[in-house]
Number of protein chains: 2
Amino acid sequence: MLRTARTAVTAAAEEATRLPIDTILVGDCIDHMNALPAGSVDLIFADPPYNLQLEQSLTRPDQSKVDAVDDDWDKFDSFAHYDAFTRAWLKAARRVLKPDGALWVIGSYHNIFRVGSALQDLDFWMLNDIVWRKANPMPNFRGTRFTNAHETLIWAAKSQKSRVTFNYEAMKLANDDTQMRSDWLFPICTGAERLKDEADDKVHPTQKPEALLFRILNATTKPGDIVLDPFFGTGTTGAVARKLGRHFIGIEREDTYVSAARKRIASIRPSVFEALQSVTPKRKETRIPFGSLIEQGLIEPGTQLFDLTKRYSAMVRADGSLVSGSHQGSIHKVGALVQGAEACNGWTFWHYDQNGRVVPIDDLRTGVRAKLDLLSA
Amino acid sequence: MLRTARTAVTAAAEEATRLPIDTILVGDCIDHMNALPAGSVDLIFADPPYNLQLEQSLTRPDQSKVDAVDDDWDKFDSFAHYDAFTRAWLKAARRVLKPDGALWVIGSYHNIFRVGSALQDLDFWMLNDIVWRKANPMPNFRGTRFTNAHETLIWAAKSQKSRVTFNYEAMKLANDDTQMRSDWLFPICTGAERLKDEADDKVHPTQKPEALLFRILNATTKPGDIVLDPFFGTGTTGAVARKLGRHFIGIEREDTYVSAARKRIASIRPSVFEALQSVTPKRKETRIPFGSLIEQGLIEPGTQLFDLTKRYSAMVRADGSLVSGSHQGSIHKVGALVQGAEACNGWTFWHYDQNGRVVPIDDLRTGVRAKLDLLSA
DNA sequence: TGAATCAATGAATCCTGAC
DNA sequence: TGTCAGGATTCATTGATTC
């Protein structure tokens with residue numbers, strides 16, 4: 001009798017801890033997370049709705065319309081509603097995490113401050129905020145702000161005393177033997193990687209690049225770990241987990257996304273090594289804008305520049321523009337204008353007086369570049 | 001009697017609106033801000049305490065101690081206290097801003113999510129979050145996290161309807177003619193720029209580089225604007241403001257910082273006036289109605305206009321309107337109608353035949369504008 | 001076949017002054 | 001306060017089309 005009871009209990013416990021590994025659960029993420037056993041997953045990656053608040057439609061300068069994120073799942077009545085939603089899914093997420101588990105969230109300035117505050121309030125322990133610098137962001141078409149060229153990720157442990165996985169050496173190796181920094185450069189998801197439907201439209205408006213998930217899983221999980229994604233979408237997390245020999249649990253409400261994700265993941269052939277290679281971004285020559293020389297105090301506003309023959313001259317203004325007579329603009333533009341030429345490389349055309357020596361401004365750029373590369377290498 | 005009263009009132013009003021320009025107020029920033037007249041400053045730059053939670057002291061691999069931020073002013077008992085403090089100073093800051101004013105805050109993951117949420121709750125309107133990528137950050141000595149290589153800034157307008165200053169063209173030009181992005185690369189403040197005391201210790205633990213403020217003031221203020229910094233520290237904001245021909249109001253509690261800042265700012269040589277002028281944005285150029293070109297005989301009534309591909313054409317009428325088939329109206333309206341587009345810039349869309357050369361009508365406008373500006377100069 | 005050109009597009013809180 | 005209309009505004013990448 002006793003033995004039978006114990007067996008039943010053990011079986012129930014086993015049943016309860018048997019996780020729906022490498023599958024997608026369809027439905028609300030809070031309900032599904034609450035149905036999972038507590039303390040059962042190693043990592044959570046979450047890409048929740050951003051709560052964008054778009055007022056009107058936006059057109060490009062060529063009058064084409066920007067295909068905005070206007071899906072119902074991104075609509076919230078107020079910050080209060082968004083906060084309630086955020087706290088609810090974070091609470092459920094925290095429960096399902098192992099004691100030494102950690103969580104990643106990605107967001108933009110519309111929502112990330114709400115999410116970050118909620119995380120702290122719920123006793124998650126922040127480890128890093130990470131900046132995903134987009135190599136090819138959408139420009140600001142109206143010329144009213146800085147190009148929105150990044151998104152923010154937060155990496156947080158379940159609690160202050162969690163001993164989370166961090167593959168420091170692997171990250172350092174992947175970054176030419178220097179510590180991986182908190183700013184990551186990746187292109188947005190386009191081309192063959194971007195899932196399209198029969199009509200050749202994007203299946204999901206905000207599909208994340210696999211390279212981003214590669215780095216995250218490589219950095220903060222071990223092979224065989226279980227990664228939960230409560231906003232699975234078209235399954236980038238699952239695809240990368242499979243490639244890297246990690247297990248995933250996806251939760252997604254929309255049937256369209258679920259079926260696209262299933263098809264996508266089924267076709268993945270795990271191949272760790274090559275995938276890892278593609279993660280390392282190639283080092284490009286650091287670009288130094290002329291304005292940064294002034295910002296850094298290497299050229300003072302008011303400095304006179306001239307060409308090698310001293311036929312033309314121009315004055316440097318604080319904003320990085322040059323003036324020469326009625327001409328004004330960038331070093332290149334004014335260089336072209338004074339000569340009546342179509343184009344001009346201002347870096348080699350313009351010179352300044354360095355203690356009596358006539359030196360091209362390009363020399364300053366070379367110096368700054370060398371210093372920057374040295375510092376960030 | 002009445003006259004005297006009115007005079008007194010006027011004097012009081014004048015007294016109240018007389019701002020403590022280019023000075024440092026010593027004491028609590030909330031008290032001082034509340035004593036300033038409402039709606040009186042153009043921009044606020046704030047570098048509040050970060051609420052760093054260093055559990056124990058940090059040691060480098062060689063066992064030397066890291067001089068971490070552990071000053072009293074950075075201690076808060078809990079997030080609740082920090083939030084209360086944040087809301088209090090942000091409220092005071094919002095009151096003192098002009099209706100079209102804006103605010104910058106800088107922070108790290110320890111505090112920026114609290115600050116960002118508070119901003120949104122207080123009806124500030126976020127314009128961008130900006131990432132300052134440090135060229136030479138402090139490494140993570142323990143190898144337990146990613147190198148903390150950036151800080152976050154938030155640029156927010158006083159309200160959603162504020163028309164804030166943004167020198168788009170100047171930023172674009174300073175960035176080699178492409179839009180300035182939201183990720184900025186600057187070295188941290190070291191070397192000669194870093195203020196040191198007699199013992200050769202740094203005067204302030206978190207002195208910001210002038211390059212950062214240079215970009216901020218260049219991007220979001222005009223010459224002569226008033227910039228308030230409620231956490232003035234050693235006065236980077238004041239130093240850059242003075243260099244760039246902007247006014248500052250600094251507020252700082254610590255005498256050590258105040259005296260260092262005063263000395264620092266007194267030694268600054270402001271830029272010459274001409275160097276502070278910036279490129280004129282197209283939006284601000286003298287408006288030339290199309291009709292005036294006809295009035296001035298530059299285009300004759302009856303002239304045929306066409307687009308660059310010669311797919312569409314229209315005729316100029318004496319009153320400055322165009323006709324194309326059944327369409328008629330302004331150059332913009334007809335340009336849009338013939339293409340079936342929502343909008344169209346007629347100045348660049350429509351061309352005319354100038355002795356066999358196809359020239360946009362905008363070239364005529366440019367000529368007229370130059371002549372007009374010459375006359376009025 | 002290859003080079004040159006054109007077209008499409010991506011998490012976007014995206015105008016401003018006159019009446 | 002709103003309405004109306006002038007007219008200003010884009011970067012990197014991919015893939016298709018043309019030369």
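All chains are named by letter (A, B, ...) in the order of the sequence lines, taking the proteins before the strands, and each is independently numbered beginning at 1.
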Geometric class of the A:Phe85/A:Tyr82 ring pair [parallel <30°, tilted 30-60°, perpendicular >60°]: tilted

Selection from C:dA12, C:dG10, D:dG6 that lies nearest to any side-chain heavy atom of A:Leu58: C:dA12

C1' spacing across the pair C:dA12 / D:dG6, given as an integer number of angstrom: 24 Å

Distance in angstrom units between A:Gln63 CD and C:dT9 P, rounded: 16 Å

Integer-rounded Å distance: D:dT9 P and B:Glu169 CD: 6 Å

Plane angle bin for A:Phe113 and B:Phe113 - parallel if under 30°, tilted between 30 and 60°, otherwise perpendicular: tilted

Whole angstrom value for the distance that separates C1' of C:dA12 from CH2 of B:Trp155: 14 Å

Footprint string (nucleotides 14-19 of chain D, 5' to 3'): B base within contact, S backbone only, - free, heavy atoms under 4.0 Å: SS----

Touch class at under 4.0 angstrom, heavy-atom based, for A:Pro48 against every strand present: base

N/O (side chain, A:Lys134) to phosphate O (OP1/OP2, C:dG10) under 4.0 Å: no

Under-4.0 Å side-chain N/O to phosphate OP1/OP2 contact, B:His332 with D:dG6: no

Length of the CG-C1' vector between B:Leu173 and D:dT10, whole Å: 17 Å

side-chain N/O B:Arg287 vs D:dG7 OP1/OP2, d < 4.0 Å: yes

Sugar-phosphate only, base, or nothing, as touched by A:Asn51 at under 4.0 Å among non-hydrogen atoms: nothing

Protein proximity profile, nucleotides 3-8 of chain C - base contact B, sugar-phosphate-only contact S, no contact -, cut-off 4.0 Å on heavy atoms: ------

Check: A:Arg60 side chain, C:dG10 base, donor-acceptor under 3.5 Å: yes

Ring geometry between B:Phe166 and A:Phe146 (parallel below 30°, tilted from 30 to 60°, perpendicular above 60°): perpendicular

Any B:Lys284 side-chain nitrogen or oxygen under 4.0 Å from OP1 or OP2 of C:dG17: no

Whether B:Trp184 and B:Trp104 hold their rings parallel, tilted or perpendicular, with breakpoints at 30° and 60°: tilted

Sugar-phosphate, base or nothing in reach of A:Pro137, heavy atoms under 4.0 Å: base

Within 45° cone of A:Trp132 ring axis and under 6.0 Å: A:Lys134 NZ or CZ: yes

Sugar-phosphate, base or nothing in reach of A:Ala135, heavy atoms under 4.0 Å: sugar-phosphate

Gap in Å between the two P atoms, one belonging to C:dC14 and one to D:dA12, rounded: 23 Å

Interatomic distance at C1', C:dA8 relative to D:dT10, whole Å: 13 Å

Comparing A:Leu54 and A:Asp200 on DNA chain C - which has the more 5′ nearest nucleotide: A:Asp200

Residue-phosphate contact under 4.0 Å: B:Arg365 side-chain N/O, D:dA8 OP1/OP2: yes

Centroid-centroid distance, A:His204 to A:Tyr257, less than 6.0 Å: yes

Touch class at under 4.0 angstrom, heavy-atom based, for A:Asp47 against every strand present: base

Touch class at under 4.0 angstrom, heavy-atom based, for A:Cys189 against every strand present: nothing

Any side-chain donor near an acceptor of the partner, B:Arg317 and B:Ser321, under 3.5 Å: yes

Options C:dA11, C:dC14, D:dT10, nucleotide nearest the side-chain atoms of B:Lys172: D:dT10

Side chain of A:Asn136 - closest among D:dT13, D:dT9, C:dG17: D:dT13

Let me check something: any side-chain donor-acceptor pairs from residues 332-345 of chain B under 3.5 Å, sequence neighbours excluded? List them with distances.
residue: B:His332; atom: ND1; partner: B:Gly346; partner atom: N; Å: 2.9
residue: B:Gln339; atom: NE2; partner: B:Gly335; partner atom: O; Å: 3.0
residue: B:Asn345; atom: OD1; partner: B:Trp347; partner atom: N; Å: 3.0

Polar side chain donor-acceptor pair, A:His150 to A:Asp183, under 3.5 angstrom: no

Residue pair B:Arg365, B:Asp362: steps toward the salt bridge (charged side-chain N to carboxylate O under 4.0 Å, His left out) verdict: CA-CA 5 Å; B:Arg365 182 171 65 155; B:Asp362 200 24; 2.8 Å; yes

Parallel, tilted or perpendicular: rings of A:Trp89 and A:Phe231 (30°, 60°): perpendicular

B:Leu322 CG - D:dG7 P separation (whole Å): 12 Å

Nucleotide D:dT10, atom C1' - distance to NZ of B:Lys282 in whole Å: 14 Å

B:Arg163 vs C:dG17: side-chain N/O to OP1/OP2 distance below 4.0 Å: yes

Verdict with reasoning, A:Phe248 to A:Phe232, per ring pair (Phe, Tyr, Trp, His ring centres under 6.0 Å): CA-CA 10 Å; A:Phe248 70 88; A:Phe232 201 61; 5.6 Å; yes

Which nucleotide in C:dA11, C:dT9, C:dG10 has an atom nearest any side-chain atom of A:Pro139: C:dG10

For B:Arg283, salt bridge (charged side-chain N to carboxylate O under 4.0 Å, His left out) partners two or more places apart: B:Glu169

DNA chain C stem ranges, 3 or more consecutive Watson-Crick or G-U pairs under 3.5 angstrom: C:2-10 with D:11-19, C:15-19 with D:2-6

Residue whose nearest DNA chain D nucleotide is more 5′ - A:Met138 or B:Lys333: B:Lys333

Atom pair distance, as rounded to whole Å: CD in A:Glu193 and C1' in C:dT9: 16 Å

Sugar-phosphate, base or nothing in reach of B:Thr178, heavy atoms under 4.0 Å: sugar-phosphate

A:His110 NE2 to C:dA12 P, straight-line distance once rounded to whole Å: 9 Å

Any residue of residues 140-153 of chain A with a heavy atom less than 4.0 Å from an atom of DNA chain D: A:Asn140, A:Phe141, A:Arg142

